[in-house]
Amino acid sequence: MSNLPRKHLFDLPDGMIYLDGNSLGPLPKGVSEAVQKTVEAEWGGQLIGGWNACKWMEQPSRVGNQVGRLIGAPAGSVVMGDTLSIKVFQALAAGLQMRPDRKAILSDTGNFPSDLYMAQGLARFKDQGIELRMVEPEDVAGAIGEDIAVVMLTEVDYRTGRRHDMAAITKAAQEAGAVMVWDLAHSAGALDVEIEASGCEMAVGCTYKYLNGGPGAPAFIYVRPDLVETVEPALAGWLGHDAPFAFDLDYRPGAGIERMRVGTPPVLQLAALEEALKVWNSVTMKEVRAASVHLSDLFISEIEARCPMMSLVSPRDCAVRGSQVSFAFENGYAAMQAVIARGVIGDFRAPNVMRFGFTPLFLDDGDIIRAAEIIEDVMVNKLWNTPEYHARKAVT
Ligand SMILES: *Cc1c(COP(=O)(O)O)cnc(C)c1O
């Protein structure tokens with residue numbers, strides 16, 4: 001663990017203890033300069049020539065390979081673009097195509113609503129009697145019947161941090177003949193994901209959470225290399241075409257994972273992300289995961305010792321927990337506002353969850369103890385009990 005933390009690689013405000021890197025990662029040093037260079041020298045200096053001279057067109061696959069390395073995906077199997085919701089749609093549409101004789105998508109009630117909404121929207125749009133079936137997270141394995149076309153799950157629950165057994169569920173899905181789609185939104189950059197080893201057909205995720213790509217950073221999609229040539233993309237955009245600059249009137253999917261691109265890549269966001277990914281150099285995801293477990297366990301024991309009014313909703317067993325810890329408290333929203341006002345940044349998820357993310361690249365034991373002291377002060381002295389902390393903001 002000698003490689004961690006590496007706070008010097010980040011621009012964090014003085015005095016802030018940032019326990020929200022699971023929602024929006026902080027700014028790595030060098031990103032401002034990299035974006036400025038892309039804006040001024042590349043866009044400003046090269047204008048349209050930037051597409052060739054600055055290799056903007058290759059960014060989605062080049063950066064995709066860098067993200068792939070962090071999730072155990074081979075080169076050429078991951079591509080960047082769009083938002084995670086769009087990538088979920090693409091993966092589900094491809095999964096349904098792979099099982100045309102089946103009519104159900106299986107997911108769980110712990111999934112992030114946007115994933116469920118995309119499934120519902122796709123089902124309505126296809127108008128072929130496709131159904132989204134939702135079960136409790138613990139009931140997923142038992143609910144994978146032979147009528148399921150696609151099992152779509154987020155590995156780590158955004159509210160509780162509960163983690164699915166990726167290998168076991170993938171195996172169960174495939175034994176029942178279903179396609180497995182994993183959402184790695186809370187896994188990429190947090191867990192030692194081995195996506196290729198899992199054997200799943202597809203995976204998607206975002207890069208503004210643990211991967212620190214900044215607000216609006218593009219999402220990624222992985223398709224198992226032996227299957228990708230069979231995917232007929234539902235979002236058949238020109239940059240997923242085999243020859244975009246032939247301007248053919250008919251769509252023909254591009255080679256390999258390139259076909260999962262849609263339109264013009266977000267060049268400035270990708271420049272930010274590509275620079276941000278350098279903070280992962282010379283650290284392994286196994287080291288990151290070990291440090292995350294240590295910090296999370298420390299936080300749980302500190303909070304439980306100091307704040308009996310907060311009850312743990314995350315699994316106590318680190319093996320089935322991601323890189324976040326959540327506590328329920330009746331006045332959780334106001335309490336979190338009061339904690340934030342004192343420099344400890346977590347967030348709140350309705351109805352009563354106070355959520356804290358653990359990101360070992362820039363957190364150490366001292367941060368955890370200090371955060372626990374501040375939270376104890378707020379909770380024990382009821383410092384949250386003022387009108388200003390009860391007023392709900394748009395983003396919680
Ligand atoms: C964060 C998150 C999203 C957000 O999707 P966007 O399209 O990037 O806004 C979707 N799904 C899951 C599981 C998430 O955790």
Side-chain angles (χ1 to χ4, degrees), residues 20-26 60 63-64 67 70-71 78-93 95 105-122 132 134 137 140 150-164 166 169 180-191 193 195 200 202-222 234-235 237 260-263 265-266 269-270 272-273 276 314 321-326 346-350 353 355-359 394-396:
D20 218 355
N22 55 311
S23 204
L24 178 70
V63 179
V67 170
L70 300 176
I71 58 166
V78 174
V79 75
M80 311 303 301
D82 316 299
T83 71
L84 176 51
S85 303
I86 303 284
K87 287 333 203 191
V88 166
F89 183 94
Q90 285 183 295
L92 284 175
I105 297 169
L106 179 69
S107 191
D108 71 46
T109 54
N111 206 345
F112 189 77
S114 198
D115 296 34
L116 303 172
Y117 302 160
M118 292 314 275
Q120 289 163 355
L122 176 61
L132 169 66
M134 282 180 268
V140 167
V150 184
V151 179
M152 169 193 63
L153 296 171
T154 299
E155 184 187 13
V156 176
D157 185 305
Y158 73 105
R159 270 182 302 213
T160 65
R162 176 206 37 74
R163 179 187 186 184
H164 276 304
M166 184 180 275
I169 293 179
M180 186 72 226
V181 176
W182 284 106
D183 187 329
L184 303 177
H186 298 277
S187 309
L191 305 175
V193 180
I195 206 69
C200 75
M202 283 171 283
V204 294
C206 54
T207 61
Y208 47 81
K209 293 173 179 160
Y210 292 94
L211 295 177
N212 313 312
F220 63 86
I221 186 165
Y222 159 87
L235 299 181
M260 302 314 271
R261 292 173 64 167
V262 182
Q269 291 277 187
L270 278 164
L273 175 61
S314 297
R321 191 177 67 220
S323 204
Q324 63 173 72
V325 172
S326 299
D347 59 23
F348 170 81
R349 286 293 174 264
V353 172
R355 188 174 74 151
F356 304 91
F358 297 91
T359 45
V395 175
T396 64

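Note that the structure is a prediction, hence the values are computed from the model and not measured. Start at 1 and go down the list; that is how both ligands and their atoms are numbered.
By the criterion of a heavy-atom distance under 4.0 Å, the side chain of D115, and not its backbone, is placed next to ligand 1.
Atom CG of D347 sits about 10.5 Å away from atom CG of L24, to the nearest 0.5 Å. Atoms OH and OG, on Y208 and S23 in that order, are 8.0 Å from each other to the nearest 0.5 Å.
In this structure the side chain of N22 never reaches within 4.5 angstrom of the side chain of S323, judged on heavy atoms. Contact check for P137 versus T109: side-chain heavy atoms found under the 4.5 Å cut-off. Looking at heavy atoms from C-beta onward, M152 lies in side-chain contact with N111 at the 4.5 angstrom threshold. You'll find the side chain of H186 reaches within 4.5 Å of the side chain of Y158, heavy atoms only. A 4.5 Å side-chain heavy-atom check between R163 and E155 finds at least one atom pair inside the cut-off.
For ligand 1, the atoms lying closer than 4.0 Å to a non-hydrogen atom of A185 are 12 (C), 13 (C), 14 (C), 15 (O). Counting atoms of ligand 1 from 1 in the listed order, those under 4.0 Å from a heavy atom of K209 are 1 (C), 2 (C), 3 (C), 14 (C), 15 (O). Annotation for ligand 1: atoms under 4.0 Å from non-hydrogen atoms of D183 are 11 (N), 12 (C), 13 (C). If you number the atoms of ligand 1 from 1 as listed, the ones under 4.0 Å from a heavy atom of T154 come out as 13 (C).
Look at K87 and you'll find every heavy atom at least 4.0 Å from all atoms of ligand 1.
Taking atom 4 (C) of ligand 1 as the reference point, the nearest protein heavy-atom neighbour is Y208 OH, 3.1 Å.
Note: no N/O pair closer than 3.5 Å links N111 and ligand 1 by distance alone. Considering both main-chain and side-chain atoms, S85 comes within under 3.5 Å of ligand 1 through a nitrogen or oxygen pair. Where the criterion is an N or O separation shorter than 3.5 Å, residue side chain and backbone included, H186 meets it with respect to ligand 1.
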